[in-house]
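Heads up, the thing below is written out as structure tokens.
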Amino acid sequence: MRDTMTEPLVRVDDLKMHFPIYTGVFRRHTGDVKAVDGVSFSIQPGETLGLVGESGCGKSTVGRALLRLYEPTAGRVVIEGEDIATLDPEALRRKRPTMQMVFQDPQASLNPRMTLSAIIAEPMVEHTSLTAEERQARVFELMDAVGLNRRFANRYPHEFSGGQRQRIGIARALALNPKFIICDEPIAALDVSIQAQVVNLLEDLQDKLGLTYLFISHDLSMVRHIADRVAVMYLGRIAELSPRDALYAQPLHPYAEALLSAVNEPDPNRARRERIILKGDVPSPANPPKGCSFCTRCPKVFARCRVERPELAEVQPGRFVACHLYTPDAGQTGASGVPEHNQQGASS
Amino acid sequence: MPDGAAPVLDVRGLKTVFRTRGGEIHAVNSVSFHLKRGEVLGVVGESGSGKSVTMMSLIGLLPSPPAEIRGGEVMLGDRDLLKIDAEELRQVRGAKVGFVFQDPMTSLNPVFTVGMQIMEPLREHMGLDKQQAEARAVELLQLVGIPDAAKRLKSYPHQFSGGMRQRVMIAIALACNPDVLIADEPTTALDVTIQAQILELVKELRQKLGMAIIWITHDLGVIATVADRVMVMYGGQVVEHGPVKELFAFPRHPYTRALLKTIPSITGHREARLQVIEGQPPILNATPTACPFRARCPHAMEICSRENPARRAVDAAPLGHGHDVACHWSPPALHEAAHA
């Protein structure tokens, strides 16, 4: 792993993003959808953190709240020493160039009435004092960097294929020399053969420009390829945050284990790991279960899980898990669970 | 057919063309395949490879115009589905051939209860009365693992989660005990843990009901899990076909080989860099006279741009016979291919 002494580029502390629910004629505030409910992590410069989970687990909301595309309900998001969550609008605007986003749907995130060159140049119009010629030169430079032919500069988004549109989105994100890029499912809408092209491009750019990525995806095999560390989210909280190889070799949280076992290995000749089929669906984030949010589907659930919410804690060097199987018992309940569990963590 | 059993479905030389203002699109070109009872045929390909259009052509689900079926035959038992009239075809759909689509939300009607939608084919095709249909609907919902089935009949689609809706879709497709179930990307819109549930369900149902299944997907992992045989499509034609283990272990077509390499593995060796297939899929604006993959193929030869390769049997297939490939190129000896 990287030097732990260096200051992280991004540090998120207990981030919460609640969306209020209003009901009735008087639009009374009757509850909250707790899309993100206390998420903490940090990302080192040059690192790629993978953020995985199923739909509705809050992974995209984390990405958006990080850039303050949503106003976070609580918590701190420190990027390069400044707390994004509390910056005033003008300071936030000056901060924007350092952090950018690549969106899932390249069709919806590009203005259909703007040419490719106008799309890529737009952030520079907003944030820099470059002249039109300088901007055009930079647009060409960026198009070269992401592998788009310069002849395409005056074409419109609909004239491009999905993979090419994603390259346009990446070029736009790079326009202001950002340090930190959030990739929100950047390959989910692309065909398999095109996915690899885009992922390779993202990796090349990271090497060349020293970028730091938060790579949000539900594709666990692609995350294994691109990420250094991986955070697994479930119902608005991080279930496990571990270095990539450790997580894929042996997931500690029961949800991470089930999630990895559910991925279909594209090789019928290889013995697969024991498949854990979870029962039921993800509970609603407006009404999460008491105690551990995974307790309704967890195959290893025990009494304490339904009462007390487990906190994310370091259970092995560099590995953080929010599960009672790994936390020392607070007192009365099931003392037998602990030793059994340490064993599991060490062996198998 | 190696083991002599007559196929439930036999498709030969199917050709589908779309007429658009910009000219013709040859979406399906001479596709042939067959399906035996109780078998799962996986169909893989990228978007635009013609996999969905092929299956929609089989049972007349494509609007005409712009679609036009130019040739071939689709034998379901002893009937050619391309020759029967609309009324007879309507009887086949739903009763003999069930269809499950990708998006369970848009394929269920939001203003009718789930119960009505399951009972519709039962009353329409099997002539059951209301009570019989209701009893059968409850049975079907139980079969696909929906708890509290009798009560859930009165629910509307929006009251179900994505995975549950897909179970309802499967129940509707199964309602009349079809001989063939066509599943078009049925798990693509679902999360992995829910996808795992549906895959288990389908495997279980196949065993219980013994129907043949065509499973269309772009996810090779899903294919590896459910299919007995695989058909790889590219540019509107079948480029390779074979038993699943054989095809994954010894892929012959350069496209299949490249496709298998582009996917990162979740347990195996982690590549430093992903393999890519350079370039874009072909534009199918004419009857192909050359190999559709030649522009992206690392092994393209002179003959590839002159002649569209026909499917030929692969001899000495070590993991099961029935492997064929449409390619002029021959991979190096088998022991090397296994490591490539």
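In what follows, chains carry the letters A, B, and so on, assigned in the order in which the sequence lines appear, proteins first and then strands, with residues in each chain numbered from 1.
- Within the 4.5 Å cutoff, the side chain of Glu46(B) has no heavy atoms near those of the Leu190(A) side chain.
- Options Gly48(B), Ala196(B), Ala258(B), Gly145(B) differ in how many heavy-atom pairs under 4.5 Å they form with chain A, and the most are formed by Ala196(B).
- Val192(B) has its side chain out of reach of His218(A): every pair of non-hydrogen atoms, C-beta onward, lies at least 4.5 Å apart.
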Between Arg275(A) and Leu199(B), is a side-chain contact (heavy atoms from CB on, under 4.5 Å) present by the stated rule, with each step listed? CA-CA 12 Å; Arg275(A) 204 179 173 92; Leu199(B) 292 183; 3.9 Å; yes
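- With a 4.5 angstrom heavy-atom cutoff, Glu203(A) touches chain B only via side-chain atoms.
- Scanning both residues, Thr193(B) and Ala262(A), for their nearest heavy atoms gives CA-CB, 4.1 Å.
- Counting heavy-atom pairs under 4.5 Å between each of Gln275(B), Gln195(B), Arg273(B), Arg296(B) and chain A puts Arg273(B) at the top.
- In this structure, the side chain of Asn264(A) does not engage the main chain of Thr225(B) through any donor-acceptor pair within 3.5 Å.
- Here the closest non-hydrogen pair linking Ser221(A) and Pro264(B) is CB-O, 3.2 Å.
- Counted within 6.0 Å of NZ on Lys203(B), heavy atoms from surrounding residues, nucleotides or ligands total more than 12; the atom is thus considered enclosed.
- Proximity to chain B (any heavy atom under 4.5 Å) is restricted, for Ser161(A), to the side chain, taken from C-beta onward.
- Thr262(B) and Gln195(A) share no side-chain donor-acceptor pair at under 3.5 Å.
- For the set Asn200(A), Ile194(A), Val199(A), Leu220(A), the count of heavy-atom pairs under 4.5 angstrom toward chain B peaks at Asn200(A).
- Contacts of Asp204(A) with chain B are made by side-chain atoms alone, with heavy-atom separations under 4.5 Å and no backbone atom involved.
- With chain A as partner, the option from Val222(B), Leu260(B), Asp219(B) having the largest number of non-hydrogen pairs under 4.5 angstrom is Val222(B).
- Side chains of Met222(A) and Ile263(B) form no contact here, defined as non-hydrogen atoms less than 4.5 Å apart.
- In this structure, Gln197(B) contributes its side chain and Leu278(A) its backbone to a donor-acceptor pair below 3.5 Å.
- Residue contact with chain A, scored on non-hydrogen atoms closer than 4.5 Å, involves the backbone and the side chain of Ile277(B) alike.
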